[in-house]
Amino acid sequence: MNMDLQTGIRWMELFNEDIQQNKDYLTQLDTPIGDSDHGNNMSRGMDQVIQAIEAESPDSLEALLKLVTSTLLSKVGGASGPLYGSAFMGMLKILKGDNTSSWDKVLRGGLDSIQKRGKAEVGDKTMVDVWAPVVKSLENKQLTHVVIEEAVEATKPLKAKKGRASYVGDRSIGHIDPGAYSSALLFQAMLKSEEK
Amino acid sequence: MNMDLQTGIRWMELFNEDIQQNKDYLTQLDTPIGDSDHGNNMSRGMDQVIQAIEAESPDSLEALLKLVTSTLLSKVGGASGPLYGSAFMGMLKILKGDNTSSWDKVLRGGLDSIQKRGKAEVGDKTMVDVWAPVVKSLENKQLTHVVIEEAVEATKPLKAKKGRASYVGDRSIGHIDPGAYSSALLFQAMLKSEEK
Amino acid sequence: MDKPGIIIISHVYEIAKGIERLLQEVARDVPIQVIGGVDKTNIGTSFDTIFEMVSESPSTNILAFYDLGSAKMNLEMVQDLSDKNITIYNVPVVEGAYTAAALLQAGVTKEDVEEQLKEIQMDK
Amino acid sequence: MDKPGIIIISHVYEIAKGIERLLQEVARDVPIQVIGGVDKTNIGTSFDTIFEMVSESPSTNILAFYDLGSAKMNLEMVQDLSDKNITIYNVPVVEGAYTAAALLQAGVTKEDVEEQLKEIQMDK
Ligand SMILES: Nc1ncnc2c1ncn2[C@@H]1O[C@H](COP(=O)(O)OP(=O)(O)O)[C@@H](O)[C@H]1O
Ligand SMILES: Nc1ncnc2c1ncn2[C@@H]1O[C@H](COP(=O)(O)OP(=O)(O)O)[C@@H](O)[C@H]1O
Ligand SMILES: [Mg+2]
Ligand SMILES: [Mg+2]
Ligand SMILES: [Mg+2]
Ligand SMILES: [Mg+2]
């Protein structure tokens, strides 16, 4: 995966479109096992990201990641705010350490930050259950749209151990995790941003 | 102790006077180890008791106790509301079971109700630390003003195990318990009601 | 109505109303009633207002949550004097009521809710 | 100002304001600041508002309480990015903050308050 400023901006634009289109679905997912706001949270956050990109015209990939970090942290609301904020902060940290880092290394940094912030493990039925297989597949140069779809479907039978879904215990089984779904959209958009 | 309707009304009048005179002191006691309202709580409650006696003219000791029970329960506010309400309810229950019950038996019923409601034991630094020695002394026909004074002073070195005072743990040591003090006023008034 | 309902008793009006909002967001089909303060401005709890709310409640199967011990004592007196089936839980008022509300909304039985609440019991 | 102060982060405006009232009644000399909701009407927590409150707080030695996990994550991010000394307690938000406030008012040290709070820790 070759990520640069232009691809990154394209990534965010595609992700925003998918978020806006899937806003109601994300909210639906967040209803039986949450507080019915993940769609609104992500819609608000990504709308602000696009506005910030237009207003600030970031001139490097690092500047873009910094903008995405602070915007998502401030504007998403809900648990996904600090989590996506941490994700992009973790990605930025890898790039700042070595701006020749491979993209899988950068995403690994993002995943590490999500796990450090939210303390979720694979299998806890969170966005980590999409980030982990996606990052691993990218490390093995085997990331495809199908990997991402399967990762999100695989959250369905899990019992939630983190977040608001964990309060309903066994009743979270049989439902796709909303944050996993928005992360799936993130990575689908990432693949699409290179495909043009 | 011979308690009847007239003595009982005199008891409530004397208790009310003492409560109103000691309102600020009770509030002071409830400040380092509480929320500074015991004086107001008891003042409001006893003022309502006197008003209710004037309005309803109870025609028996049982009717008086019933009036005192429901007024204190409804009007005192704070923990002392359900506790004093339970106390008089317990007293009423003994009298209803056998209206020739000795007064110490009646008060024992009141103490039992306070302990059933609040789960406090002797030594927990509550009103029970005045009720218990007072009831016991009365059973031994040895109740005097000094017994009551000493019981309330004896709450000073105790560490609170119940109520708001228990939240400050060791810091409750060295302070007289407010509910113990208002109960001391109750029993001082009871002795005085017979002394005329 | 035998469907389980939740009541919240707080010493403070705003705490009760705030918990009501928090719970309604995740449990819109669960009957939730709250009382906070002896009234809107004064901190404390009142036997009378709790008894009135319980008596008028359409629920006969009530899960009750409270903040401090004096609220519990008033609740227990209402429990003694009311025909309704009221169970009082010694759990954190916000976190416990939230857990119960989310579980009831998810269709969990009152008995299974109680199993979950046992895990967060506290000395109160 | 090194005197310990309390901050409360709730998902709901009224819960935060209500806890503030409850604590002020028993801890009038303890600095207490609260934030509830992303604003007065919307439920949630905001890194920005928490960071702003902490930055403007006269307290440098802060005991922090929160209701649900997402509030904790925002608090932890503020902890990372602020110079202030902030300790976050995984205790019931009402009962834990009340305990801390009463103890601080009684002159107990922050360390001894923490010992007491350990007894009511919970998975949050
Ligand atoms: N501790 C955590 N670690 C990782 N992901 C989490 C954690 N807590 C919540 N999430 C993710 O956040 C999503 C919910 O986001 P959102 O609805 O925006 O927040 P909230 O639950 O505060 O309303 C969940 O579906 C889950 O994927
Ligand atoms: N569980 C209990 N058992 C017996 N007495 C108690 C108990 N809890 C509190 N008290 C008494 O109530 C008194 C406080 O009364 P008050 O200030 O009117 O109520 P609150 O603490 O709710 O403000 C205490 O001093 C104590 O004597
Ligand atoms: Mg949500
Ligand atoms: Mg939310
Ligand atoms: Mg008091
Ligand atoms: Mg009070």
Side-chain angles (χ1 to χ4, degrees), chain B residues 27 30 33-45 48 52 66 68-90 92-93 112-120 124-128 160-169 172 178-179, chain C residues 7-16 34-56 62 64-84 86-96 121-124:
Chain B
T27 284
D30 196 31
I33 63 174
D35 59 344
S36 311
D37 68 355
H38 191 54
N40 289 332
N41 289 345
M42 296 306 296
S43 164
R44 176 172 51 246
Q48 294 283 323
K66 186 171 191 338
V68 174
T69 295
S70 55
T71 308
L72 292 181
L73 173 60
S74 294
K75 305 296 180 189
V76 164
S80 47
L83 288 162
Y84 277 115
S86 293
F88 281 86
M89 196 184 287
L92 179 60
K93 185 176 166 193
D112 287 347
S113 282
I114 292 174
Q115 291 191 282
K116 180 172 152 276
R117 179 60 53 219
K119 318 277 196 304
D124 285 352
K125 196 186 183 87
T126 70
M127 58 176 65
V128 167
K161 296 291 168 59
K162 292 287 180 216
R164 284 178 179 263
S166 65
Y167 283 85
V168 295
S172 59
Chain C
I7 67 174
I8 315 269
I9 312 300
S10 170
H11 276 65
V12 185
Y13 178 74
E14 291 84 1
I15 293 179
V34 309
I35 284 191
V38 295
D39 51 47
K40 284 190 183 184
T41 41
N42 292 295
I43 294 180
T45 61
S46 152
F47 169 86
D48 289 1
T49 56
I50 300 170
F51 188 77
E52 186 183 6
M53 181 176 80
V54 163
S55 303
E56 293 174 358
I62 295 172
F65 301 86
Y66 65 93
D67 51 15
L68 306 176
S70 43
K72 178 183 182 178
M73 289 193 282
N74 273 325
L75 257 170
E76 286 176 337
M77 294 197 80
V78 169
Q79 209 182 20
D80 287 348
L81 296 163
S82 165
D83 296 327
K84 306 279 174 88
I86 303 167
T87 314
I88 301 167
Y89 301 96
N90 300 313
V91 294
V93 67
V94 174
E95 296 86 349
Q121 266 178 178
M122 60 183 296
D123 270 334
K124 307 182 81 170

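Just so we're on the same page: letters track the sequence lines, and every chain starts at 1. Because the structure is a prediction, the values reported are computed rather than measured.
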Report the distance from atom [atom1] of [X] to atom [atom2] of [Y], rounding to the nearest 0.5 Å.
| X | Y | atom1 | atom2 | result |
| --- | --- | --- | --- | --- |
| S70(C) | N41(B) | OG | CG | 9.0 Å |
| K119(B) | E76(C) | NZ | CD | 4.0 Å |
| L81(C) | L73(B) | CG | CG | 8.0 Å |

Sort by residue number and list every member of residues 45-56 of chain C having a non-hydrogen atom under 4.5 Å from chain B.
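The residues closer than 4.5 Å to chain B, in numerical order, are T45(C), F47(C), D48(C).
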Name, in order of residue number, those residues of residues 86-94 of chain C that have a heavy atom at a distance of less than 4.5 Å from a heavy atom in chain B; otherwise write 'none'.
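Contacts with chain B: none.
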Would you say that more than 12 heavy atoms from the other residues, nucleotides or ligands in this model lie under 6.0 Å from the NZ of K124(C), or not?
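Yes, the 6.0 Å shell around NZ holds more than 12 heavy atoms from other groups.
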I'd like to verify something: which residue of G163(B), S86(B), G85(B), A79(B) has the highest number of heavy-atom pairs under 4.5 Å with chain C?
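Option with the top pair count is A79(B).
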Tell me, out of K75(B), M89(B), R164(B), who's got the most heavy-atom pairs with chain C below 4.5 Å.
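The option with the most such pairs is R164(B).
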Indicate yes or no: does R117(B) engage D80(C) in a salt bridge with an N to O separation below 4.0 Å.
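Between D80(C) and R117(B) there is a salt bridge, with a charged N closer than 4.0 Å to a carboxylate O.
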